[in-house]
Amino acid sequence: QVQLVESGGGLVQAGGSLRLSCTASGSIARIGNMGWYRQAPGKQRELVALITGAYTTSYADSVKGRFTISRVNIKNTVYLQMSSLKPEDTAIYYCNAELASLRAPSQLINYWGQGTQVTVSS
């Protein structure tokens with residue numbers, strides 16, 4: 001089965017840094033866009049950062065200048081480097097990617113990871 005697995009979440013003090021990783025595994029033929037979303041308690045899930053297959057990046061206004069998204073295609077991995085973390089960054093962070101399996105290599109399908117908790121204390 002094709003799946004996404006996140007790692008790197010944890011507890012950090014305000015001003016600190018964390019790097020999240022998300023790796024796609026399984027019988028993968030190709031990967032399209034990859035991104036990170038987050039959902040804080042009582043709030044809707046929001047797009048944090050996105051990186052296309054052409055390496056174009058975009059960010060939510062709230063994280064511009066603090067977060068950096070990157071990808072290493074040979075490792076099927078997308079990263080989110082988070083710096084100058086604030087308590088309002090506390091949320092569950094979800095990886096998202098367009099994946100095509102070897103079974104259907106022409107069809108990109110949207111997949112979600114299970115999420116990783118990021119908690120920023122003040």
Side-chain angles (χ1 to χ4, degrees):
Q1 294 289 320
V2 175
Q3 63 178 16
L4 297 172
V5 179
E6 303 104 331
S7 64
L11 176 64
V12 65
Q13 293 186 1
S17 300
L18 286 173
R19 189 181 73 160
L20 306 183
S21 300
C22 173
T23 298
S25 62
S27 55
I28 298 170
R30 61 192 179 101
I31 304 175
N33 297 338
M34 306 183 83
W36 289 94
Y37 293 72
R38 69 185 181 187
Q39 187 166 18
K43 297 184 178 180
Q44 295 183 334
R45 188 173 300 186
E46 65 173 344
L47 176 65
V48 176
L50 184 143
I51 184 166
T52 71
Y55 301 98
T56 299
T57 60
S58 59
Y59 299 90
D61 288 342
S62 60
V63 307
K64 287 180 180 177
R66 300 189 297 120
F67 291 9
T68 301
I69 188 170
S70 61
R71 64 192 288 171
V72 180
N73 288 341
I74 196 170
K75 297 173 64 175
N76 293 341
T77 298
V78 61
Y79 302 94
L80 185 67
Q81 177 65 49
M82 304 184 294
S83 300
S84 301
L85 283 163
K86 304 174 181 179
E88 49 263 45
D89 294 319
T90 295
I92 300 175
Y93 284 71
Y94 296 91
C95 177
N96 178 268
E98 298 174 319
L99 306 176
S101 69
L102 293 175
R103 183 180 179 89
S106 65
Q107 182 65 54
L108 286 172
I109 299 174
N110 211 27
Y111 287 83
W112 290 92
Q114 294 183 333
T116 184
Q117 177 71 48
V118 172
T119 302
V120 184
S121 65
S122 60

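These numbers were taken from a predicted model, which means no experiment stands behind them.
The backbone N or O of Pro105 sits less than 3.5 Å from a side-chain atom of Arg30, completing a donor-acceptor pair. Formation of a donor-acceptor pair under 3.5 Å by the Arg71 side chain with backbone atoms of Gly35 is not found in this model. One N or O on the side chain of Thr90 and one on the backbone of Val120 form a donor-acceptor pair closer than 3.5 Å. Without hydrogens or angle criteria, Tyr59 side chain to Ile69 main chain gives a donor-acceptor distance under 3.5 Å.
Taking both residues in full, the closest heavy atoms of Ile92 and Gln117 are given as CG1-OE1, 3.3 Å, listed atom of the first, atom of the second, then distance. Among all heavy-atom pairs drawn from Arg38 and Ser62, the shortest one is NH2-OG, 3.3 Å. In this structure, Ser101 and Val2 approach most closely via the heavy-atom pair CB-CG2, 3.9 Å. Of all heavy-atom pairs between Tyr111 and Ile109, the closest is CD1-O, 3.1 Å. Nearest heavy-atom pair, Leu11 versus Ser121, reported as atom, atom and distance to 0.1 Å: CD1-CB, 4.4 Å. For the residue pair Gly113 and Tyr94, the shortest heavy atom distance occurs at O-CD2, 3.7 Å.
Linking ILVMFWY residues whenever their side-chain heavy atoms come closer than 4.5 Å, directly or via other members, places Val63 and Leu80 in the same cluster. Under the 4.5 Å side-chain heavy-atom criterion for ILVMFWY residues, a single connected hydrophobic cluster contains both Tyr55 and Met34. Hydrophobic clustering of Ile, Leu, Val, Met, Phe, Trp and Tyr side chains at less than 4.5 Å, counting indirect connections, keeps Trp36 apart from Val5. Both Val118 and Val78 sit in one connected hydrophobic cluster of ILVMFWY residues. Membership requires side-chain heavy atoms under 4.5 Å apart, directly or through other members.
When each of Leu99, Thr77, Leu108 is tested with Ile31 by the rule side chain to side chain contact (heavy atoms under 4.5 Å, CB included), just one qualifies, namely Leu99.
Between Asp61 and Lys64 there is a salt bridge, since a side-chain N of the basic residue sits under 4.0 Å from a carboxylate O of the acidic one.
In this structure, Tyr93 and Phe67 have tilted ring planes: the angle between them lies in the 30° to 60° band.
With a 4.5 Å cut-off on side-chain heavy atoms, Glu6 and Leu20 do not count as touching.
Arg19 CZ to Met82 CE: the interatomic distance, rounded to the nearest 0.5 Å, is 11.5 Å. Note that the OG atom of Ser83 and the CG atom of Leu18 stand 9.0 Å from one another [nearest 0.5 Å].
By the neighbour-count criterion of 12 heavy atoms within 6.0 Å, atom CD of Gln114 is sparsely surrounded, having that number or fewer from other residues, nucleotides or ligands.
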